[in-house]
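Structure record follows, encoded as structure tokens.
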Amino acid sequence: MPELPEVECLRRSLARIVGRRVVRAELFRLDVTSWIGDANDGAAWTGLPPGNEIFALHRRGKQLAIETRGGGVLVIHLGMSGQTLLDSTRVERTHTHACWTLDDGSTLSFRDPRRFGGLWAGRDIQAVENVLWKGLGADALNVTATMIQSVTRASKRAIKSILLDQRVVAGIGNIYADEALFDAGIRPTSRRTLSDTLANRLAASIRSTLNAAITRGGSTLRDYVDASGSAGSAQHLHRVYGRGGECCVSCGGVLRQISFLQRTTVFCPRCQPA
DNA sequence: CTGGATGCCTGGGAGC
DNA sequence: TGCTCCCAGGCATCCA
């Protein structure tokens, strides 16, 4: 569920760890951890090597990278239910898979009940970009009409399938795909090549939908909270997601909910013509 | 090249 | 109240 806006809000809420030195790394579940490329030098997996100073927070699509000075980058993917918490006051220790203590006494922890997410350790940010993020498309905040239009021209894939493909554009999941397509007036199942007008409209819809969600702190449907444990309120902006059978905010017609691409898809039959 | 089906995983909600 | 069932979906993988 955490998509680009939620991960971006998480990134921003972690700003105060920049400049902090890692004191201790504790791992409770090794099976959520991986190495990037040849990063495994035989030492134990720590994600953030103790002794290193955190100096940058990067995001690409739905993935967050915490870079330390002198090498050692931790990449976090929240999957469906992941949380990255700073100084969590909640006693909730269940499903916490890793924890790092910083030199100001604060703790950074990663929880993920469903374990669809994970942690990756890389040598440096170049390794992350060249290996882990190599296949990812442009970040969805920077999507252009051309990027989408060229794919619709080259294939007959449904537009929603294209938007969900992280290799084309990184950061869009089921919620914002439906929201952006509604905003652009395009049916999710459409397989037509997008005209210049529609491609421009869709690119603008994606950017504005994501930015609006970021402004509201992301969408919290159940699990998402930022590093301080605060929920977002962007779910109140949703116009189609989770509203199947309800009235279209634009035309008043009934929103249709279908199963498409093994996902729940909601659209307005009138505002998003086939 | 496609999409469909499946599995991973847990918590929450519905239904009985 | 408590049980079972189903569903949510990001992503990898195999299959048609």
Side-chain angles (χ1 to χ4, degrees), chain A residues 1-8 10 28-36 59-65 75-85 90-98 109-120 128 131-137 139-140 148 150-181 187-193 206 210 213 218-225 231-232 234-235 238 240-245 257-267:
Chain A
M1 244 159 326
E3 303 179 27
L4 185 150
E6 291 73 39
V7 181
E8 176 60 17
L10 170 63
F28 309 116
R29 271 201 88 103
L30 273 176
D31 60 2
V32 301
T33 68
S34 303
W35 298 95
I36 298 171
R59 182 191 55 73
R60 176 85 166 270
K62 305 172 189 174
Q63 301 185 47
L64 177 73
V75 177
I76 300 175
H77 194 309
L78 299 176
M80 283 293 298
S81 59
Q83 297 175 330
T84 300
L85 298 162
R90 58 171 68 183
V91 196
E92 188 68 72
R93 296 298 295 178
T94 52
H95 304 301
T96 293
H97 309 316
S109 61
F110 174 72
R111 287 186 78 228
D112 185 14
R114 291 188 212 178
R115 303 206 297 280
F116 277 20
L119 303 171
W120 286 260
V128 172
V131 180
L132 195 63
W133 292 354
K134 182 185 174 192
L136 291 181
D139 189 78
I148 304 170
S150 63
V151 181
T152 67
R153 209 194 322 268
S155 80
K156 292 188 293 183
R157 296 173 63 186
I159 187 64
K160 181 170 178 179
S161 170
I162 293 168
L163 295 190
L164 290 175
D165 188 340
Q166 304 301 300
R167 297 169 299 183
V168 178
V169 178
I172 303 173
N174 197 44
I175 296 171
Y176 297 109
D178 277 11
E179 292 301 320
L181 286 165
R187 189 162 299 203
T189 52
S190 169
R191 294 169 193 279
R192 290 210 299 261
T193 297
I206 291 169
L210 297 176
S219 300
T220 296
L221 298 179
R222 186 149 75 217
D223 300 311
Y224 172 73
V225 287
Q235 66 277 10
H238 297 170
V240 286
Y241 181 84
R243 299 192 65 241
Q257 177 165 318
I258 62 173
S259 180
F260 180 59
L261 305 173
Q262 277 78 267
R263 286 179 174 86
T264 300
T265 296
V266 186
F267 61 92

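The chains referred to below are lettered A, B, ... by the order of the sequence lines, with proteins before strands, and numbering in each begins at 1.
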Taking B:dG4, C:dC11, C:dA8 as options, the one with an atom nearest any side-chain atom of A:Gln262 is B:dG4
Atom CZ of A:Arg222 and atom P of C:dG10 are separated, to the nearest Å, by 13 Å
The side-chain contact (heavy atoms from CB on, under 4.5 Å) partner of A:Ile162 among A:Val169, A:Thr152, A:Ile172 is A:Thr152
- prompt: Looking only at side-chain N and O atoms, does A:Ser81 come under 4.0 Å of OP1 or OP2 in B:dC9?
  reply: no
A:Asp223 atom CG is separated from B:dG11 atom C1', nearest whole Å, by 8 Å
With the side chain defined as heavy atoms from C-beta on, A:Met80 is closest, among C:dA8, C:dC11, B:dG3, to C:dA8
Suppose we call a contact any N or O donor and acceptor under 3.5 Å apart; does that hold for the side chain of A:Arg114 and the base of C:dA8?
yes
A:Arg167 atom CZ is separated from C:dG10 atom P, nearest whole Å, by 15 Å
Checking B:dG3, C:dG10, C:dA8 against the side chain of A:Asn174 (C-beta onward), the nearest is C:dG10
Between A:Leu78 and A:Val7 the two heavy atoms that sit nearest each other are CD1-CG2, 4.3 Å
Q: Classify the nucleic acid contact of A:Phe260 as base, sugar-phosphate or nothing, counting any heavy atom under 4.0 Å across all strands shown.
A: nothing
Separation of B:dG4 atom P from A:Leu261 atom CG, nearest Å, is 6 Å
Using a cut-off of less than 4.0 Å, is there contact between a side-chain N or O of A:Ser161 and OP1 or OP2 of B:dG3? yes
A:Glu3 backbone acceptor or donor facing A:Tyr176 side chain under 3.5 Å: no
> Would you say A:His77 reaches C:dG10's phosphate, i.e. side-chain N/O to OP1/OP2 under 4.0 Å?
Replying inline: no
Using Watson-Crick geometry (N1-N3 plus N6-O4 or O6-N4) or G-U wobble (N1-O2, O6-N3), each under 3.5 Å, B:dC1 is paired with none
Could you check whether A:Thr264 gets within reach of a base, just the sugar-phosphate, or nothing at all, counting any heavy atom under 4.0 Å?
sugar-phosphate
Item to complete: Kindly confirm whether the side-chain ring of A:Phe116 is stacked on the base of C:dC11, judged by centres under 5.5 Å and planes under 30°.
Response: no
Note: for A:Arg115 and A:Lys156 on DNA chain B, the residue whose nearest nucleotide lies more 5' is A:Lys156
Under 4.0 Å between a side-chain N/O of A:His95 and OP1 or OP2 of B:dC9, yes or no? no
Between CD of A:Glu6 and P of C:dG10 the distance, given in whole Å, is 11 Å
| A:Arg263 side chain N/O closer than 4.0 Å to the phosphate oxygens (OP1, OP2) of B:dG4? | no
Rounded to whole Å, CD of A:Gln63 lies from C1' of C:dG10 at a distance of 11 Å
Q: Determine: side-chain N/O of A:Tyr224 to OP1/OP2 of C:dA8, distance under 4.0 Å, yes or no.
A: no
Under a 4.0 Å threshold between the charged nitrogen and the carboxylate oxygen, would A:Asp112 count as salt-bridged to A:Arg29? no
